[in-house]
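A short worksheet on the structure shown next.
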2 protein chains.
Amino acid sequence: MNSIIEVLKEYDIAPSMQRIKILEYLQNYKTHPTADMIYQALADEIPTLSKTTVYNTLKTFSEKGILVALSLFESEIRYEYNTHPHIHFKCIKCNKIYDLDRSFDLYNDDIINGHKITEHHVNLKGICKVCLEKDK
Amino acid sequence: MNSIIEVLKEYDIAPSMQRIKILEYLQNYKTHPTADMIYQALADEIPTLSKTTVYNTLKTFSEKGILVALSLFESEIRYEYNTHPHIHFKCIKCNKIYDLDRSFDLYNDDIINGHKITEHHVNLKGICKVCLEKDK
DNA sequence: ATACATTTTTGTAACAATTACAAATTTGGA
DNA sequence: TCCAAATTTGTAATTGTTACAAAAATGTAT
């Protein structure tokens with residue numbers, strides 16, 4: 001019945017009231033909410049809820065792998081000139097961002113599930129060539 | 001010779017000193033800089049430069065299509081629970097974000113140009129099914 | 001059950017990225 | 001040269017996020 005508590009325990013997270021409610025919200029509403037959206041949604045139900053708790057909890061959940069933190073389409077904007085089609089790769093060791101030449105004609109001006117695609121961004125993460133060499 | 005001014009005119013942008021320097025910087029340094037990085041880099045050369053000008057200019061450039069504004073890996077973080085592999089599609093009309101079921105085994109644990117890929121994010125933009133219907 | 005160390009939550013303040021806005025400056029055309 | 005329009009600038013406001021320390025809740029040994 002109380003599967004949420006079981007899920008938390010499974011991920012080695014103590015099942016506090018706040019954590020249960022936040023996880024429950026994310027299970028029920030698959031709207032990719034921001035931390036603030038979650039806070040707003042739960043503020044009525046948990047009047048003492050602090051926004052810091054929401055941030056802390058989401059950080060814990062991400063670290064334990066119970067959910068995924070996504071950087072989607074807004075903010076922390078970076079600019080690049082005159083783009084021939086390519087994709088981005090960020091090294092999680094040295095934080096360098098590489099441009100990789102790969103065409104993705106399969107996306108542009110295509111229809112997927114009835115949606116018309118006009119733009120695509122492919123962002124990869126991993127360990128770059130240079131850092132792989134260093135680790136040897 | 002002064003191809004930067006020509007490029008600006010081509011995109012219907014009056015070639016002011018600030019705009020020339022900012023575009024020049026983006027042409028020369030393909031490091032995906034943030035607005036602040038551009039400001040820091042040019043502050044010495046243009047001592048009166050205002051950060052607002054950098055933001056205004058980048059906005060103008062993006063709107064006119066002279067450069068691309070990217071949301072890469074940080075900030076404006078959104079959360080989602082328990083992710084089976086899928087990609088994200090955002091409708092530029094109604095701003096709704098859809099999950100699309102598509103597997104991208106081709107990326108994960110793959111090596112591209114010598115870099116080891118451990119994580120990937122595919123973000124598409126376009127006009128969704130519902131909005132396409134409305135426009136008919 | 002009690003005491004106590006540990007964990008969790010909370011509120012405030014700090015910080016960083018971005019935008020709003022109005023004044024000052026520069027520009028281009030009559 | 002003059003003037004309206006465009007551009008730049010500085011300040012303040014806003015937003016998302018983090019730092020931090022105090023308060024509250026929890027779990028365990030006794």
Side-chain angles (χ1 to χ4, degrees), chain A residues 2 4-5 8-9 11-25 31-64 66-79 95, chain B residues 2 4-5 8-9 11-25 31-64 66-80 95 97:
Chain A
N2 234 326
I4 293 173
I5 292 178
L8 285 170
K9 284 180 179 167
Y11 283 88
D12 203 29
I13 299 167
S16 75
M17 146 84 130
Q18 288 82 344
R19 287 169 174 172
I20 292 168
K21 290 296 178 190
I22 290 171
L23 181 53
E24 190 177 43
Y25 183 84
T31 53
H32 313 87
T34 62
D36 189 65
M37 289 174 196
I38 297 169
Y39 171 78
Q40 296 299 337
L42 298 178
D44 281 348
E45 203 179 347
I46 313 170
T48 65
L49 184 64
S50 164
K51 206 177 275 190
T52 302
T53 300
V54 177
Y55 279 104
N56 288 343
T57 303
L58 293 171
K59 195 177 178 204
T60 303
F61 284 3
S62 301
E63 283 167 0
K64 299 281 186 176
I66 206 169
L67 54 80
V68 177
L70 301 169
S71 155
L72 292 183
F73 302 95
E74 286 97 13
S75 250
E76 236 295 304
I77 292 171
R78 288 159 172 273
Y79 297 88
N95 287 320
Chain B
N2 234 326
I4 293 172
I5 292 178
L8 285 169
K9 283 181 179 166
Y11 281 90
D12 203 29
I13 300 168
S16 75
M17 147 85 129
Q18 289 81 345
R19 286 168 175 173
I20 291 168
K21 291 294 178 191
I22 291 171
L23 182 53
E24 190 178 42
Y25 183 84
T31 53
H32 314 87
T34 61
D36 189 64
M37 291 174 194
I38 297 169
Y39 171 77
Q40 297 299 338
L42 298 178
D44 282 346
E45 204 179 346
I46 313 171
T48 64
L49 184 64
S50 164
K51 206 176 276 191
T52 303
T53 300
V54 177
Y55 278 104
N56 288 343
T57 303
L58 292 171
K59 196 179 178 202
T60 304
F61 284 3
S62 302
E63 282 167 2
K64 298 281 185 175
I66 206 170
L67 55 79
V68 177
L70 301 168
S71 154
L72 292 184
F73 302 96
E74 286 96 15
S75 250
E76 236 297 303
I77 293 171
R78 288 158 172 274
Y79 296 89
E80 77 185 349
N95 287 320
I97 296 174

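Letters A, B, ... are given to chains in the order of the sequence lines, protein chains preceding strands, and every chain is numbered from 1.
Here the C1' atom of nucleotide D:dT14 and the CG atom of A:Asp36 are 12 Å apart, to the nearest Å. As rounded to whole Å, 15 Å separates atom P of C:dT7 from atom CD of A:Glu63. Rounded to whole angstrom, the span from the OH atom of A:Tyr39 across to the C1' atom of D:dT18 amounts to 16 Å. In this structure, the CG atom of A:Leu49 is 6 Å from the P atom of C:dT10, given to the nearest Å. Separating the NZ atom of A:Lys21 from the P atom of C:dT8 is a distance of 19 Å, rounded to the nearest angstrom. If you measure from atom CD1 of A:Ile13 to atom C1' of C:dT6, you get 17 Å, rounded to the nearest angstrom. If you measure from atom NZ of B:Lys51 to atom C1' of D:dT11, you get 13 Å, rounded to the nearest angstrom. The separation between B:Ile38 atom CD1 and C:dT18 atom C1' is 14 Å, rounded to whole Å.
Between the side chain of A:Thr53 and the backbone N or O of A:Leu49, no donor-acceptor pair lies under 3.5 Å.
Considering only the side chain of B:Thr57, D:dT8 comes nearest among D:dT8, C:dG11, D:dT17. Here the nucleotide nearest the side chain of B:Tyr55, chosen from C:dT19, C:dG11, D:dG16, is C:dT19.
With sequence neighbours left out, B:Glu24 forms a salt bridge (Lys or Arg N to Asp or Glu O under 4.0 Å) with B:Lys21. B:Lys64 meets the salt bridge (Lys or Arg N to Asp or Glu O under 4.0 Å) test with B:Asp12; sequence neighbours excluded. With sequence neighbours excluded, the residues satisfying side chain to side chain contact (heavy atoms under 4.5 Å, CB included) with A:Gln40 are A:Asp36. Legend: residues meeting side chain to side chain contact (heavy atoms under 4.5 Å, CB included) with A:Ser16, ordered by chain and number and at least two apart, are A:Gln18, A:Arg19. Scanning for ring-ring contact (aromatic ring centres under 6.0 Å, His included) contacts around A:Tyr25 gives A:Tyr29, with sequence neighbours left out.
The side chain of B:Gln18 places an N or O atom within less than 4.0 Å of a non-bridging phosphate oxygen (OP1 or OP2) of D:dT9. For D:dT8, neither phosphate oxygen OP1 nor OP2 lies less than 4.0 angstrom from any side-chain nitrogen or oxygen of B:Ser50.
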- Task: Encode nucleotides 20-30 of chain C as B, S and - characters from 5' to 3', where the letter depends on protein heavy atoms closer than 4.0 Å: B to the base, S only to sugar-phosphate, - to neither.
- Result: BB---------
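Among the atoms of the strands shown, only primed sugar atoms or phosphate atoms (P, OP1, OP2) are found under 4.0 Å from some heavy atom of A:Ser16.
By the 4.5 Å heavy-atom criterion applied to side chains, A:Ile46 and A:Tyr39 are not counted as neighbours.
Across the interface with DNA chain D, nearest-nucleotide mapping of B:Arg19 and B:Pro47 shows B:Arg19 to be the residue nearer the 5′ end.
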